[in-house]
Amino acid sequence: MQLINSIKSEWLKTRKSAASWLCLIGGLFIPLIFLIGFLYNGETLSTYGEVENVWTAHFFQVWQSMVVFLLPMGLILATSLITQMEFRNNTWKQLHTTPQPYYVIFWAKFIVIIGMTLQFFFYFNLGFLLSGIIPSLIVDKQLPDATFPYSQFFTSNWKIFVTCLPVLALQFLISLRFKNFLVPIGVGLMLLVATLILVGNWEHVYLSPFSYSPLTMMGTPETMKDINIYNWSCYYFITFMVISYLMYIRKAEKG
Amino acid sequence: MYSITTNNLTYRFNGKETVLSDINLQVPTGSIYGFLGPNGAGKTTTLRLLLGLLKKQDGEINIFNLPFEKNRIDILRKTGSLIESPSLYAHLSAKENLAILQKVYQCKPSRIEEVLKIVGLENTGKKSTGKFSLGMKQRLSIAIALMHEPELLILDEPTNGLDPNGIIEMRELLKQLNKDLGMTILVSSHLLAEIEKMVTHVGIINKGKLIFQGTMGELHEAQHQQSFMCFETGNVEKSKEVLKTNGIQFQQEGIQLHMPVLERELIASINKQLVEQDIKVYQISIVKNDLESIFIDLVK
């Protein structure tokens with residue numbers, strides 16, 4: 001119950017915050033570009049031509065534009081913005097003098113970050129659906145003919161979400177540790193750019209926690225065929241969370 | 001009965017530099033305890049230790065007669081605090097800031113309006129707290145501290161940044177909370193004049209050591225003990241003879257003669273003797289050290 005109250009309280013802090021705007025705008029940005037593209041050219045999902053399922057083709061097209069750079073970038077920014085909110089407003093001391101166990105404060109904060117990520121997924125998928133439906137309704141005056149691949153839709157979303165977890169956990173760890181907002185952003189961006197350069201050029205790129213989202217869409221190369229990136233995502237996620245928690249609990253100065 | 005006691009509380013930064021040394025605070029229940037000391041004396045460090053914001057190293061902290069470390073949650077449930085500068089979410093309004101605490105403390109939603117009224121911020125509407133003046137932020141921080149109707153209020157320099165009017169208002173608010181709700185208040189300040197009209201008890205800290213602790217009455221007693229009499233006459237040498245004849249010990253300070261405060265009748269008698277010997281008497285006065293000078297003397 002205490003955790004639920006704490007989550008509600010943490011969620012309130014995200015209202016009108018830069019992170020919540022980032023989540024909304026970031027989620028709808030790519031689908032909106034596709035929607036404008038379709039409407040401008042008077043096209044619909046049928047543009048994808050002879051494919052097994054136009055929805056599947058559209059799904060991968062939209063996600064591909066997202067997962068390589070914008071999704072990890074958004075995760076870096078949103079996680080840092082939410083976690084650093086306490087440093088920025090000088091509110092750690094206020095938070096730590098409320099009658100809440102430290103573990104509740106820690107997990108409530110991380111659960112809200114997960115919640116924001118899920119909200120982003122919701123906006124993105126809503127945008128994806130609308131970017132497919134609206135052009136068909138306007139141009140063809142009907143919904144797309146193709147059957148919607150529900151199973152694949154949810155499985156792919158789940159897989160992409162799992163690949164986000166190590167990035168979220170690492171950014172959470174750095175943001176909790178460093179007061180300076182530039183440190184988590186800088187470290188995150190540096191790792192992301194380095195990973196993107198190495199994807200496709202280095203057989204051990206899977207060692208980078210930032211590689212899993214791009215690899216989901218780009219496909220794992222032959223040299224990595226024995227590597228399960230979802231398992232690696234989970235290992236990293238657990239490791240980073242354990243380090244974050246120990247670091248947070250043992251911090252001698254709590255505000 | 002004490003709301004806060006510490007026994008030999010000691011704290012070192014980086015395990016080396018001693019910031020607090022054997023602090024034995026005793027804050028009586030129902031009191032307004034002024035915790036005084038110059039900047040850097042160790043006031044904020046003490047208060048942060050009391051609230052668990054710093055990890056205790058040596059000594060004991062008991063709040064409501066319970067060891068803090070083992071009863072942190074229960075103690076914080078009954079304690080409101082404001083440490084140094086205001087802690088507010090700048091992108092949210094006053095009500096939204098309080099709503100965050102309302103969810104944590106699980107107090108009734110109407111409490112938000114109540115505390116805003118207490119601190120006079122009920123008409124701030126949707127204005128984000130980032131646009132508040134420092135005085136408004138300070139008052140909202142007090143509202144946050146009062147949200148859960150605490151029994152104990154720990155305030156670190158709550159009048160920082162307030163104009164004289166704001167200081168008077170804050171003082172009246174704290175006195176009212178203490179009187180009407182029986183709230184124990186521990187308030188720190190580096191200015192004695194700022195809190196002497198409000199506090200019932202005082203603790204003076206300097207260079208990490210508690211150098212005075214007692215009631216305001218006891219501090220006034222110390223003030224009385226440091227008072228002295230001053231005679232200023234037209235002939236110092238002759239006046240000294242008169243004082244010697246009457247068996248009074250004195251010290252010469254320039255053209256003045258200083259001595260302990262004398263009985264009324266003796267003052268009149270000496271004055272008469274001086275006049276009879278044709279010595280002009282320009283001044284007979286009692287010099288009282290104000291509390292500020294005592295405070296400065298103590299922390300020298």
Side-chain angles (χ1 to χ4, degrees), chain A residues 1-24 78 81-109 111-112 115-116 179 181 246-255, chain B residues 11-15 44-45 47-57 71-93 95-107 126 128-130 137 140-141 144-145 147-148 150 152-154 156:
Chain A
M1 192 60 196
Q2 201 165 23
L3 181 64
I4 292 169
N5 293 334
S6 191
I7 292 168
K8 283 182 188 170
S9 146
E10 288 294 330
W11 191 258
L12 272 180
K13 292 178 194 173
T14 65
R15 278 182 67 182
K16 298 189 278 186
S17 68
S20 63
W21 284 110
L22 182 76
C23 183
L24 176 71
L81 281 168
I82 295 172
T83 316
Q84 291 260 325
M85 195 184 282
E86 309 296 348
F87 281 124
R88 215 167 43 250
N89 294 300
N90 196 17
T91 40
W92 273 121
K93 58 180 191 251
Q94 188 70 54
L95 186 57
H96 286 140
T97 49
T98 55
Q100 303 182 86
Y102 294 129
Y103 75 86
V104 167
I105 295 174
F106 177 88
W107 286 109
K109 211 162 253 310
I111 289 168
V112 163
M116 291 286 278
K179 199 174 177 178
F181 180 68
L246 292 175
M247 210 177 62
Y248 170 75
I249 288 290
R250 289 179 181 182
K251 206 172 182 181
E253 218 173 304
K254 286 197 160 58
Chain B
Y11 190 81
R12 294 172 201 87
F13 270 133
N14 304 322
T44 302
T45 306
L47 301 187
R48 288 171 79 199
L49 280 164
L50 291 181
L51 290 163
L53 293 173
L54 284 179
K55 203 170 183 181
K56 191 191 77 181
Q57 294 170 345
N71 300 277
R72 180 180 160 267
I73 305 291
D74 289 336
I75 289 168
L76 291 178
R77 200 166 280 136
K78 295 192 279 183
T79 307
S81 63
L82 161 60
I83 298 293
E84 289 178 307
S85 49
S87 294
L88 303 168
Y89 298 97
H91 62 290
L92 300 176
S93 68
K95 276 185 190 169
E96 288 163 337
N97 267 281
L98 290 166
I100 289 170
L101 273 299
Q102 185 263 328
K103 295 269 181 261
V104 173
Y105 289 118
Q106 284 297 290
C107 41
K126 290 180 178 174
S128 63
T129 57
K137 285 180 183 172
L140 182 57
S141 298
I144 286 174
M147 191 66 194
H148 53 301
L152 170 67
L153 212 49
I154 296 178
D156 187 15

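Here is how names work: the chains are called A, B, and so on, in the same order as the sequence lines, proteins then strands, and each is numbered from 1.
- Counting only distance, with no hydrogens or angles, the side chain of B/H91 and the backbone of A/T14 share no donor-acceptor pair below 3.5 Å.
- More than 12 heavy atoms of other residues, nucleotides or ligands lie within 6.0 Å of CZ in B/R12, so this atom counts as buried by the packing criterion.
- Summarising the geometry of B/S93 relative to A/K16, their closest heavy-atom pair is N-NZ, 4.4 Å, with the distance given to 0.1 Å.
- Heavy atoms closer than 4.5 Å to chain A are found in the side chain of B/L101, but not in its backbone.
- Within 6.0 Å of atom NZ in B/K56, more than 12 heavy atoms from other residues, nucleotides or ligands are found, so the atom counts as buried in its surroundings.
- For chain B, the option among A/Q100, A/K13, A/R15 with the highest count of heavy-atom pairs below 4.5 Å is A/K13.
- Residue contact with chain A, scored on non-hydrogen atoms closer than 4.5 Å, is absent for B/I154.
- Of the listed residues (B/K78, B/K103, B/Q106, B/R72), the one with the most heavy-atom contacts under 4.5 Å to chain A is B/R72.
- Most heavy-atom pairs under 4.5 Å with chain B: of the set A/S6, A/A108, A/S17, this distinction falls to A/S17.
- The shortest distance between side-chain heavy atoms of B/E96 and A/L12 does not fall below 4.5 Å.
- For A/Q2, the part lying near chain B is the side chain, with the backbone staying farther off; criterion is any non-hydrogen pair under 4.5 Å.
- Of the atoms belonging to B/L88, it is backbone heavy atoms, and not side-chain ones, that fall under 4.5 Å from chain A.
- Rounding to the nearest 0.5 Å gives a distance of 5.5 Å between CD of A/E253 and CG of B/L54.
- Neither the backbone nor the side chain of B/S141 comes within less than 4.5 Å of any heavy atom in chain A.
- The contact list for residues 90-99 of chain A toward chain B, using heavy atoms and a distance under 4.5 Å, reads A/N90, A/T91, A/K93, A/Q94, A/H96, A/T97, A/T98, A/P99 by residue number.
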